[in-house]
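Single-structure report; data block below.
None of the values given here were measured: they were computed from a predicted structure.
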Amino acid sequence: MSNSGSAIVAPWLTVIGVGEDGVAGLGDEAKRLIAAAPVVFGGVRHIELAACLIQGESEAWQSPFEKSVEAIASRRGSPVVVLASGDPFLYGVGATLARRIDASEIRTIPAPSAFSLAASRLGWPLQDVATISLHGRPLDLIRPQLQPGARVLALTSDGNGPRALAELLSESGFGQSRLTVLEALGGERERISRNIAASFALENIAALNVCAVEIVAGGGARVLPLAGGLDDALFEHDGQITKREVRALTLSALAPRKGELLWDIGAGSGSIAIEWMLADPAMRAIAIEASPERAARIGRNAGRFGVPGLTVVEGQAPEALRGLTRPDVIFIGGGGSDAGVMEAAIAALSSGGRLVANAVTTEMEAVLLAHHARLGGSLIRIDIARAAPVGTMTGWRPAMPVTQWSWVKS
């Protein structure tokens, strides 16, 4: 946030939410402020909706959008009005402006959001509904919300969004989900259409739409459990994967906290980084993998788990670590016994940063024992056995033991 270091200025920037009903839905104060403003910024559609009120200049959003943000900031102290869709602080321009202009200098007059309007049309208690914006964002982001019986409200990018969403639901085993498309809510063109995802046939959908989904899981649906330690079969892998039980214990040791950045070194299938990001939408991760084939596989897994924001870096540590954003937490699942990897990881952490490393080879175990002896931390051994056929009976087959070192940098 920047205000050139000068004293706080009384609100000079007014952000006004406009619905599909245009000026008819605005209160008297909003109308007065628009009419009195020397300049009004907004999208072309917003400016057209409020054209009868605008007396000063009108400025449509520029591309890139940052140019308009700078133009607004340059008028600091003079009255400026920005027109936005619905609630400007719900996936809207308000949040972008507040990163540049102090909140004390902004006055906001919101209109009902698309989510509020959709929930009111459907009779859905909004506090019980998952809400997500897919506007200009990957559809894969909805995947973690695909839980049996759940209700989801999703903003889409355009008129093709609902059909693409129906296809994603169908291919993931949720084809019987009920998908309601709500178009141009609050305006004269408002239309509400109910469909089944697998037989979606709606045409000529308005660009401004919200999809309301009632999730129905079919047999074999790809449901992502909410607990850590997801089934190995959900991941595409070549055997290079931190197995389910060990992964659950590893994630517990990593102890994710909201918004933290993880480096997953020697990521293999990306399972640790993916489950890290599933813990909360604010989580961030970088998966470092030397194998091009595995790096590509991590990207595919990230999409199918609904965390397309996972950054994949193809390269060999420690060289591949150079220039990466400093991490809060590091996991080393592969390559930790290679020269310089542990040293580079330790150096990358800030004070209070956490490191967890797993070893299945004696070479890596020796590295962890040496670091534990020198730096302290926690050292555990994980032994897992699985029931398996022994002739006509059943016996225990032990998996390779895993040595795990956890450490906090002081």
Side-chain angles (χ1 to χ4, degrees), residues 1-2 95 98-99 144 226-230 242 245-268 270-290 298 302 305 307 309-313 315-360 364-382 402-410:
M1 187 181 302
S2 171
R99 287 194 289 269
L226 300 179
L230 300 177
T242 302
E245 300 86 355
V246 175
R247 192 182 332 119
L249 292 171
T250 299
L251 288 161
S252 175
L254 289 168
R257 299 172 186 172
K258 191 179 182 71
E260 289 185 321
L261 173 64
L262 170 76
W263 282 3
D264 183 353
I265 300 175
S271 63
I272 292 290
I274 286 168
E275 288 213 43
W276 169 275
M277 291 189 69
L278 283 171
D280 188 273
M283 305 307 290
R284 299 169 295 141
I286 301 174
I288 299 97
E289 174 54 53
I298 292 170
F305 279 89
V307 289
L310 172 60
T311 299
V312 182
V313 173
Q316 185 79 43
E319 291 79 10
L321 306 180
R322 296 193 183 101
L324 299 183
T325 303
R326 183 182 290 274
D328 302 293
V329 185
I330 294 176
F331 171 64
I332 303 178
S337 59
D338 293 346
V341 172
M342 291 293 293
E343 291 74 14
I346 289 170
L349 284 173
S350 299
S351 177
R354 308 187 298 281
L355 185 149
V356 176
N358 289 353
V360 293
M364 181 59 176
E365 183 176 61
V367 170
L368 299 189
L369 292 172
H371 278 80
H372 177 258
R374 182 167 63 88
L375 299 174
S378 173
L379 198 64
I380 66 171
R381 189 173 180 85
I382 304 169
V402 176
T403 300
Q404 183 178 92
W405 179 53
S406 302
W407 174 72
V408 178
K409 188 172 184 177
S410 59

Residue pairs involving residues 335-344 (criterion salt bridge (Lys or Arg N to Asp or Glu O under 4.0 Å); sequence neighbours excluded): none
Check: E275 side chain, G229 main-chain N or O, donor-acceptor pair, under 3.5 Å: yes
Atom pair OG1 (T250) and CD (E245), whose distance is rounded to the nearest 0.5 Å: 11.0 Å
Point-to-point distance, once rounded to the nearest 0.5 Å, from CD1 of I272 to CG of D264: 6.5 Å
From I298 atom CD1 to T311 atom OG1, the distance as rounded to the nearest 0.5 Å: 11.5 Å
Minimal non-hydrogen separation, L278 against F305, with atom names: CD2-O, 3.4 Å
Minimum-distance pair of heavy atoms, taken over all atoms of V307 and M277: CG1-CB, 3.7 Å
Salt bridge (Lys or Arg N to Asp or Glu O under 4.0 Å) partners of residues 249-262, not counting sequence neighbours, each pair once: K258-D280, E260-R354
Aromatic ring proximity W407/H371, centre distance under 6.0 Å: no
Heavy-atom side-chain proximity of M364 to M342 below 4.5 angstrom: yes
Atom of G315, atom of I288 and distance for their closest heavy-atom approach: O-CG2, 3.8 Å
Where Q316 and A290 come nearest, the two heavy atoms and their spacing: OE1-CB, 3.3 Å
Atom pair CG/CD1 of L321 and I330 - distance to nearest 0.5 Å: 7.5 Å
For the student: nearest non-hydrogen atoms of A344 and P318, plus distance: CB-CB, 3.7 Å
Point-to-point distance, once rounded to the nearest 0.5 Å, from OG1 of T403 to CG of L368: 7.0 Å
Which atom of V313 lies closest to which atom of A320, heavy atoms considered: CG1-O, 4.1 Å
Any side-chain heavy-atom pair of P327 and L349 under 4.5 Å: yes
Atom pair CD1/CZ of I346 and R374 - distance to nearest 0.5 Å: 6.0 Å
Side-chain donor/acceptor of W405 to backbone N/O of L369, under 3.5 Å: no
Any side-chain donor near an acceptor of the partner, N358 and T242, under 3.5 Å: no
All ring-ring contact (aromatic ring centres under 6.0 Å, His included) counterparts of F331, not counting sequence neighbours: none
